[in-house]
Q: 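Quick one: the structure is below, and I'll ask about it shortly.
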Amino acid sequence: MTNPHIVVVPAPKQGHVVPLMELSLCLVKHGFRVTFVNTLFNQEVIVSACKRDNVGNQLHLVSVQYGLGSDDHGRNDNSGKSTAEFLRALPKRLEELIEEIKGGGGGDEIACVVVDWGIGWILDVAAKMGIPRAAFYTASATTFALSLRIPKLISDGILNNDGTPTKEQMFQLLPTVPPISTKNFHWTRVGDLAMQKFVFEIIEKGNKAVKEADWLFCNSTYEFEPEAFSLAPQMIPIGPLLASNRLGNSLGSLWPEDLTCLKWLDQQSPCSVIYVAFGSSTTNFNHNQFQELALGLELSNMPFLWVVRLNSTDGINDAYPEGFLDRVATRGKIVDWVPQQKVLSHPSVACFLSHCGWNSTMEGASNGLPFLCWPVFADQFINKSYICDVWKVGLGFDPDETEIVRREEIKNKVEQLLGDKNLKERASSLKEVASNSVREGGSSYSNFQRFTERLKADKGFFNTLFDCLCVPFTMRL
Ligand code: UDP
């Protein structure tokens, strides 16, 4: 009998590695061998996380070698140079890998290649070799549906051919989807004009590349954004993909996690802590804004756990307001990276002050937390409007006329959020929706199960009646 083997290729960025690693671990649980392709740097951290967690040999971690001796792929290289080199080397490496797995003598056969939508063009390698292809979209289905609408936006004169809006105006995908300003499209909120055009090209390339894929998945659920799935019926939700669904730890972290924050949380009262984090790559705050945020947390008079990445602001040494660290020492914990999924499920956490990256959105929603939304970049504005306007489980901040969110605004919104019983109840209901969807019989669970069954059946992995009978036992998440 042959072993079903799946090759998974994430884009080498934190927000992409986390859900694709989670998908890989679910595939392992469903009886597949998985080869997960990393950059050299990511390889090191993930290998040690997997060793720590005793993942076993069903998950095989490989890296892509290329020119440079050292790298910081997907982490600190803002130029994107090393990521570009990784991507250049990837097609050849993928082809070699597939050949190695097939010829490895272990009886493995490739059931599918799963790649990140953003590098969907890699699927050409699998197509050429006659292997089933799946793409995984790491943002929301609504973001995807908006990307699909691009040709119409151009023909309607809302966008120029290069993706820049012809003018600033509001746009609504469907009457049930919140309107969005053209200046907040996920490709127009990414930096200067050159960057906007670059991201727009990636989106167009991504959409084209995955048209031929056999499956297109995302880390969401029908119940969270049903209207988007009606616009993009090819998109199959299999989320929220969280380590807690399989009672395990998240293994995709690219930074060392500061575990002291969990002990600190243990010492706080239930539902008392503001958790503050802006994901892995959100643009630095300017000095003034960073200080207002610190002073807002101080003014709120609540315990807080704040993730301040080393590159969060210029001149970290004098980043904090004078005396701030001493004044908040007994109720504030500042760390540079946490095991976020664990933090969000901790009973001491009362709310999530978030940049609204899609993974953070799914993780906060799955834990029934109310959000304070501070979107900065790309799709975070769309996600924020779902949190605040559709699910109604969060509040946004209003900046002043100089575009700074002031300390009083932060304090007021914390009080308003935590004093709103209805909002907290809606957040708890959203948690129920999320957990029902990944539970046996739920929509995302069933979608994932159909995928794995289909792969096994297509490739004839059920060679015997015994194999068929075993399937229901190996498929439980
Ligand atoms: N994350 C983490 N520790 C932190 C902050 C973030 O493990 O201190 C994880 C978080 O759980 C999420 C990912 O990093 O899975 C960030 O992805 P998201 O889409 O929220 O934001 P991005 O980093 O892509 O902007």
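In listed order, ligands and their atoms are each counted from 1. All values below come from the heavy atoms of this structure, side chains included, with hydrogens, waters and symmetry mates left out. Since the model is a prediction, treat every value here as computed from it, not as a measurement.
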Q: Is the centre of the Phe217 ring less than 6.0 Å from the centre of the Phe136 ring?
A: no
Q: Would Thr138 and Trp358 count as a side chain to side chain contact (heavy atoms under 4.5 Å, CB included) if you check the C-alpha gap in whole Å, the side-chain angles of each, and the deciding distance to 0.1 Å?
A: CA-CA 7 Å; Thr138 53; Trp358 187 245; over 6 Å; no
Q: Does Phe171 form a side chain to side chain contact (heavy atoms under 4.5 Å, CB included) with Leu153? I'd like the steps, not just the answer.
A: CA-CA 10 Å; Phe171 171 75; Leu153 293 176; 3.5 Å; yes
Q: Under the ring-ring contact (aromatic ring centres under 6.0 Å, His included) rule, what do Phe448 and His30 come out as? Steps first, then yes or no, please.
A: CA-CA 10 Å; Phe448 189 63; His30 279 66; 4.9 Å; yes
Q: Quick one: which of Leu305, Leu241, Val308, Asn359 has a heavy atom closest to atom 19 (O) of ligand 1?
A: Asn359
Q: Between Phe185 and Phe381, does the ring centre distance come in under 6.0 Å?
A: no
Q: Out of Val343, Val276, Val18, Val338, whose heavy atom sits nearest atom 3 (N) of ligand 1?
A: Val338
Q: Between the side chain of Gln58 and the main-chain N/O of Val28, is any donor-acceptor distance below 3.5 Å?
A: no
Q: Taking only heavy atoms of Trp358 into account, list the atoms of ligand 1 that are under 4.0 Å away from them.
A: 19 (O)
Q: Look at atom 12 (C) of ligand 1 and find which of Glu363, Glu22, Gln380, His355 reaches it with the closest heavy atom.
A: Glu363
Q: Going by the atom numbers of ligand 1, which of them fall below 4.0 Å from some non-hydrogen atom of Gly279?
A: 23 (O)
Q: Considering Ala243, Gly357, Ser280, Ser250, which one's heavy-atom position lies nearest to atom 22 (P) of ligand 1?
A: Ser280
Q: Heavy-atom contacts under 4.0 Å between Gln340 and ligand 1: side chain, backbone, both, or neither?
A: both
Q: Within the 4.0 Å heavy-atom shell around Gln14, which atoms of ligand 1 are there?
A: 14 (O)
Q: With atoms numbered from 1 as shown, which atoms in ligand 1 lie under 4.0 angstrom from a non-hydrogen atom of Val307?
A: 8 (O)
Q: Short question: side chain of Arg133, backbone of Val113 - any donor-acceptor pair under 3.5 Å?
A: no
Q: Would you check if the side chain of Ser348 reaches a backbone N or O of Leu265 as a donor-acceptor pair within less than 3.5 Å?
A: yes
Q: Quick one: which of Trp306, Trp337, Phe377, Phe278 has a heavy atom closest to atom 6 (C) of ligand 1?
A: Trp337
Q: What part of Ser360, side chain, backbone, both or neither, has a heavy atom within less than 4.0 angstrom of ligand 1?
A: both
